[in-house]
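I have placed the structure first, in the form of structure tokens, so that the comments after it can refer back to it.
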Amino acid sequence: QVQPVESGGGLVQAGGSLRLSCAASGRSFSGYRMGWFRQAPGKEREFVAAISWSGGSTDYADSVKGRFTISRDNAKNTVYLQMNNLRPEDTAVYLCAARKSTILARARYDYDYWGQGTQVTVSS
């Protein structure tokens, strides 16, 4: 089974940038749609972005559209989330998720495999 492993989180000032990575452990991400979610303390886990298995289709939450970019390199079995113009409200644990499917999805139950998450903290 696919095991996503996230990296790249950290502390950044408002307006700064970070790039998160999600690598596959166990088997290839080929054929899997990938998603990024985030969860802040005391809040529900929320959808951030998703990308199709080919990389040809993407979807973003309105709160990050125009600031975040999801991409993937299937040769490296890695998915990325480039985050620009970060805001304090982006502070959360960011999680990578996967499901073997050709259709994009936003709901948590549409993903089967989850990473442990990486912390992103944006200071004002």
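Owing to the predicted nature of the structure, the values given are computational and were not obtained by experimental measurement. We number each residue from 1, following the sequence as shown.
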Members sharing Y109's hydrophobic cluster (side chains within less than 4.5 Å):
none
Can a side-chain donor-acceptor contact be found between N85 and R87 if the only test is distance below 3.5 angstrom?
no
With sequence neighbours excluded, what pairs up with R38 under the salt bridge (charged side-chain N to carboxylate O under 4.0 Å, His left out) test?
E46, D90
R27 and V2 have their tightest heavy-atom pair at CG-CG2, 3.6 Å
Can you list the residues that meet the side-chain hydrogen bond (donor to acceptor under 3.5 Å, both in side chains) rule with T102, with sequence neighbours excluded?
none
Does S52 reach the main-chain N or O of S57 with its side chain, forming a donor-acceptor pair under 3.5 Å?
yes
For residues 14-21, dump all side-chain donor-acceptor pairs below 3.5 Å to protein atoms at least two apart in sequence or in another chain.
| residue | atom | partner | partner atom | Å |
| --- | --- | --- | --- | --- |
| S17 | OG | N84 | OD1 | 2.9 |

Which pair of heavy atoms, one from G115 and one from L95, lies closest together, and at what distance?
O-CD2, 3.6 Å
Restricting to non-hydrogen atoms, name the atom on R67 and the atom on L86 that form the minimum distance, rounded to 0.1 Å.
NH1-CA, 3.9 Å
Please, which pairs that meet ring-ring contact (aromatic ring centres under 6.0 Å, His included) have at least one residue in residues 36-64, sequence neighbours excluded?
F37-F47, F37-Y111, F37-W114
Working to the nearest 0.5 angstrom, can you tell me the gap between I70 CD1 and C22 SG?
9.0 Å
Here the pair of heavy atoms bringing A92 nearest to Q119 is O-NE2, 3.5 Å
Does atom NZ of K76 have more than 12 heavy-atom neighbours from other groups under 6.0 Å away?
no
Applied to residues 110-119, the salt bridge (Lys or Arg N to Asp or Glu O under 4.0 Å) test, sequence neighbours excluded, yields R99-D110, R99-D112
Hydrophobic cluster membership, with links at side-chain heavy-atom distances under 4.5 Å among I/L/V/M/F/W/Y: are V48 and M83 in one?
yes
